[in-house]
Amino acid sequence: MQDLYPRPRSPFDANAMERLRRMGLADADGQADPDVMIVFARIFAGQFYDDLCDYYQSSETVQDTVIQLLDASEGAESRQRFLLICLQYDAMFHTLPDPVWWISGQPEFAELFADGFLTHLKILDDESKEDATK
């Protein structure tokens, strides 16, 4: 059967931008919308943090993992920060969420995502430390 509508097969395909537009992450010109990307990153950082808590079931291990990720990302280039996040999903034997997978082929999107993700992850870590001292 022939595909009536060409669909991107990989985030690195030329047609992958259409998927990003349909998800609302890209505008008509193919540019990332920073306001949308920050919300997108916060959603996945929150979900990731919950996944860490479920996987490790120890607040100390979760905090250690988050601190290691944040420390490693400090001096890293944007592509490396994105890859560090991906490696953390691998460490928990989780696949990368589909929407995050689809931005991996677009450096501008991946950079905005990684920056927002890591910023929100730091906030979540700080909040959990505050809660632990109460």
Side-chain angles (χ1 to χ4, degrees):
M1 175 177 211
Q2 183 181 10
D3 287 334
L4 297 177
Y5 304 101
R7 299 211 27 163
R9 306 275 188 241
S10 159
F12 305 99
D13 286 348
N15 294 327
M17 185 56 69
E18 288 303 314
R19 185 175 295 252
L20 297 179
R21 282 190 189 106
R22 287 191 294 273
M23 286 192 289
L25 300 176
D27 63 19
D29 296 327
Q31 300 297 308
D33 182 330
D35 294 333
V36 172
M37 289 302 297
I38 195 72
V39 172
F40 178 78
R42 289 183 72 162
I43 289 168
F44 283 101
Q47 181 183 24
F48 174 80
Y49 191 85
D50 287 342
D51 289 345
L52 284 175
C53 293
D54 293 343
Y55 183 78
Y56 291 113
Q57 298 182 352
S58 157
S59 61
E60 293 83 18
T61 306
V62 170
Q63 287 178 348
D64 289 345
T65 302
V66 170
I67 288 169
Q68 289 174 10
L69 174 58
L70 294 172
D71 287 348
S73 68
E74 276 187 31
E77 295 176 4
S78 61
R79 184 181 316 160
Q80 291 171 327
R81 287 192 306 271
F82 185 80
L83 290 174
L84 286 167
I85 294 167
C86 295
L87 289 172
Q88 288 302 312
Y89 278 97
D90 287 346
M92 292 186 296
F93 303 101
H94 280 60
T95 57
L96 201 58
D98 281 349
V100 177
W101 165 249
W102 284 103
I103 66 168
S104 66
Q106 303 297 324
E108 176 191 8
F109 290 81
E111 180 178 354
L112 287 170
F113 173 79
D115 290 347
F117 184 99
L118 294 167
T119 298
H120 192 60
L121 194 60
K122 171 120 178 63
I123 291 167
L124 295 173
D125 184 54
D126 290 345
E127 288 173 355
S128 72
K129 289 175 185 172
E130 287 175 17
D131 290 344
T133 61
K134 290 181 182 178

Inset, instruction - Please name the pair of heavy atoms, one in Gly46 and one in His120, separated by the smallest distance, quoted to 0.1 Å. - result: N-CD2, 4.2 Å
Inset, instruction - Check Ala41 against Gly116 and note the closest heavy-atom contact, atom names and distance. - result: CB-C, 3.6 Å
Inset, instruction - Evaluate the side-chain proximity of His94 to Gln88: yes if any heavy-atom separation is below 4.5 Å, no if none is. - result: no
Legend entry - Within-4.5 Å side-chain heavy-atom neighbours: Leu25 and Asp33: no
Inset, instruction - For the pair Arg21 (side chain) and Asp27 (backbone), establish whether a donor and an acceptor sit closer than 3.5 Å, ignoring hydrogens and angles. - result: yes
Legend entry - Separation between CG of Leu52 and CG of Leu69, rounded to the nearest 0.5 Å: 8.5 Å
Legend entry - Single-linkage hydrophobic cluster, 4.5 Å side-chain cutoff, Ile123 and Phe48 together: no
Solution key, residues 74-87 side-chain donor-acceptor pairs under 3.5 Å, sequence neighbours excluded:
residue : atom : partner : partner atom : Å
Gln80   : OE1  : Glu77   : N            : 2.9
Arg81   : NE   : Asp115  : OD1          : 3.2
Arg81   : NH1  : Ala76   : O            : 2.8
Arg81   : NH2  : Asp115  : OD1          : 2.8

Inset, instruction - Decide yes or no for Val62 and Tyr49: does some side-chain heavy atom of the first lie under 4.5 Å from some side-chain heavy atom of the second? - result: yes
Legend entry - Spacing of CG belonging to Leu70 relative to OG1 belonging to Thr65, to within rounding of 0.5 Å: 10.5 Å
Inset, instruction - Enter the distance from Asp29:CG to Met17:CE here, rounded to the nearest 0.5 Å. - result: 10.5 Å
Legend entry - From Glu130 atom CD to Asp125 atom CG, the distance as rounded to the nearest 0.5 Å: 10.5 Å
Inset, instruction - Find out whether Phe109 and Ser104 are in side-chain contact, i.e. whether some heavy atom of one side chain is under 4.5 Å from a heavy atom of the other. - result: no
Inset, instruction - Apply side-chain contact (heavy atoms from CB on, under 4.5 Å) to Phe40 and Phe117, showing your working. - result: CA-CA 8 Å; Phe40 178 78; Phe117 184 99; over 6 Å; no
Legend entry - Arg19 side, atom CZ; Asn15 side, atom CG - distance, nearest 0.5 Å: 10.5 Å
Inset, instruction - Check Pro34 against Ala32 and note the closest heavy-atom contact, atom names and distance. - result: CD-O, 3.2 Å
Inset, instruction - Please indicate whether Phe12 has more than 12 foreign heavy atoms, meaning atoms of other residues, nucleotides or ligands, lying under 6.0 Å from its CZ. - result: yes
Inset, instruction - Might you point out which heavy atoms bring Phe44 and Pro99 nearest each other, and give the distance in Å? - result: CZ-CG, 3.8 Å
Inset, instruction - Test side-chain contact (heavy atoms from CB on, under 4.5 Å) on Val39 and Arg42 and set out the steps. - result: CA-CA 5 Å; Val39 172; Arg42 289 183 72 162; 5.7 Å; no
Inset, instruction - With rounding to the nearest 0.5 Å, note down the distance linking CD in Gln106 to CG in Leu112. - result: 12.0 Å
Legend entry - Co-membership, hydrophobic cluster, residues Val36 and Trp101, 4.5 Å side-chain: yes
